Amino acid sequence: MSKIVEINNISKSFDESLVLDNINLYINQNEFVTLLGPSGCGKTTLLRLIGGFESQDSGQILFDGFPLKDMPAHKREINTVFQNYALFPNMNVYDNVAFGLKIKKMNSEDIKIEVNKALKLVKLVGYEKRRVDQLSGGQQQRIAIARAIVNKPKLLLLDEPLGALDLKLRQDMQYELKEMQKALGISFLFVTHDQEEALTMSDTVVVMNEGVIQQIGSPEDIYNEPKNKFTARFIGESNIVDGVMLKDLKVSFGGFEFKCVDKGFKSNELVDVVVRPEDIVLSKEEVGKITGVVDDITFKGVHFEIIVMVEDKEYIIHSTQRQTIGSIVSLGIGPNDIHVMRKSLEESK
Amino acid sequence: MKSLNKLSYPYIVWMTILVVLPMILILVLSFTNIDIFNIGSFNFTFDSFEYLKRPEVIEASKNSIRLSFFTTVICLFIGYPVAYYFANTKSKNKQLYIALIIVPVWSNMLLRIIAWEKLFYPNSILNMFGISFDLIGTDTAILIGMVSMYLPFMILPIYSVLDKMDKSLIEASRDLGANTLNTFLRVVLPLSLSGVLSGVLMTLLPSMTAFALPERLSGGKTLLIGNIIEDYFMKTGNINAGSLISIILMFVITFLFIGLLRFDKEGDTLL
């Protein structure tokens, strides 16, 4: 697969605070890449750099093999779906969608055909004459997408486009966006702070924090094999416990030794052990297992969220079995459910 | 809220005495032949309409329209770029610039007019610098005076619209392939039209009705419709014709205002 965008050693600061710190990343043709991170992590800035609304302090961005640096935004074959949609209030739906094509001086017959195709794709045929402020949030969002894709960009940038929609609509749009991306065959670079959204839609997830890429990988990798504490915490809920790697395939935490599938650590290296809440199986008190007291239980719909106190450490467990508060339980953890991570640099210092 | 409504009664009384009654009086004067020196008896009549055909009234109307039109056009061409600059500048002194535009409006208008007048006579303080103007009596003098008086009223509403405009719309336009000129013509300008219209009315109306300014800066040579009204009231004592012209002028202004309110429904650009 050929790379459509290549980002090399990009750094950017605003007023002396470093927003992007030596970012390296590439996006393949026809790939759905998501930048995921908390607000202020630099993901939107990175998107704006690619779109041409900011310029980097150092490093370069290659688009289709050519550096983007001196190319103004209006010449880039990249279109953006803005966070607040940024639809032109002085134009109706048709004119909004046709804007890019009119600028390109396409003849009006062709524009009609293309706009119609785009509106069909976002399921808003028949809304051409509406004013944009008469549309609901979801409809405005789709018009914003139609307005961008009608130009057939090689890369579509989406800046938290689903943030303002309600849960049901957001889930529908996640699915539709993914379908659209497959149908159109163009690369999407999607920015979000919603980890579930990132996992649902993406081919590749890029986890960012404080201007630094924490991890790049498929949604499964990111979820199952987080590289560090930040990723483990940010992607889903997890129990992170201090442990010691005794030798390959053997880790000790919570006072017991466990078989695991991780290797390549120094012997007796201090590590973080990640166990996902849904991977812990609760049972009656058993010898030879981590044992604790049920401290709290919350009904979450599909499952119960159970907090078990083991000495001073809280474990979060997701289970479909109800437990009574105060009862003593044992935690069953299988080798595949244990994920061992190196301690991050700051901590080991 | 009801108890608060009572607080407005004194204002309603004052409004009636100071605004509504004089209006009714002017309306009555327009259609009667009350003599200012003999108020006792009068008849309803349309005699005053004869005055509208008088050469000095026609001449003054032409002057008013011409000068207010040029004033407005000049203000627009100077005011829009200035407003655009203020709305888009990242300068930290932005508030100061805005203040500099507003402050002159607070000083007495007649003083500013007289200041210009002095500069436009051949013998002025400017002789110190070897400069001498002889502009009194020309349209140029009146236009310079009017533009300097009314420019802030053009800049501020346009600035207000441009400043409130969502900057991401400009980015969206560039993103879709429009260069700076296209972005301006297709997005920024159409979205700022309500501000332009406000600005146009705010300069057109006062410049059309001005009377002190043309009198001083033309040395009494160029009469505007405001000067005619003043003459009829204060000098020739023809209060009936003066009232009629006032009423007509008021109707014109009212219609212009209604036009603005229709266009600018939110009313957010009117100062």
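Small disclaimer: the values here were computed from a predicted structure and weren't measured. A note on names: the letters A, B, ... follow the listed sequences, proteins ahead of strands, and every chain is numbered from 1.
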At a heavy-atom separation under 4.5 Å, does [X] approach chain B through its side chain, its backbone, both, or neither?
X: A:Phe82; result: side chain
X: A:Leu101; result: neither
X: A:Arg48; result: side chain

Taking atom [atom1] of [X] and atom [atom2] of [Y], what is their separation to the nearest 0.5 Å?
X: A:Thr80; Y: B:Arg174; atom1: OG1; atom2: CZ; result: 10.5 Å
X: A:Leu157; Y: B:Asp175; atom1: CG; atom2: CG; result: 7.0 Å
X: A:Phe88; Y: B:Asp166; atom1: CZ; atom2: CG; result: 10.5 Å
X: A:His74; Y: B:Thr180; atom1: NE2; atom2: OG1; result: 6.5 Å

Are more than 12 heavy atoms, taken from residues, nucleotides or ligands other than [X], located less than 6.0 Å from that residue's [atom1] atom?
X: B:Lys62; atom1: NZ; result: no
X: B:Phe211; atom1: CZ; result: no
X: A:Lys123; atom1: NZ; result: no
X: B:Met250; atom1: CE; result: yes
X: A:Lys104; atom1: NZ; result: yes
X: B:Phe69; atom1: CZ; result: no
X: A:Tyr26; atom1: OH; result: no
X: B:Tyr80; atom1: OH; result: yes

Review point. Of all heavy-atom pairs between A:Ala86 and B:Ser168, which one has the smallest distance, and what is that distance?
Key: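 Looking at all heavy atoms of both residues, the shortest contact is CB-OG, 3.4 Å.
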Practice item. Over all heavy atoms of both residues, which pair between B:Arg186 and A:Asn90 is shortest? Give the atoms and the distance, please. Key: O-ND2, 3.4 Å
Practice item. Report yes if some heavy atom in the side chain of B:Asn182 is under 4.5 Å from a heavy atom in the side chain of A:Phe99; otherwise report no. Key: no
Review point. Can you find a pair of side-chain heavy atoms, one from A:Pro89 and one from B:Leu169, that are under 4.5 Å apart?
Key: yes
**Study point:** B:Asn179 portion near chain A, given a 4.5 angstrom heavy-atom threshold
**Key:** both
Practice item. Go through the atoms of B:Ser173 and report whether side chain, backbone, both or neither lie under 4.5 Å from a heavy atom of chain A. Key: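 Both backbone and side chain.
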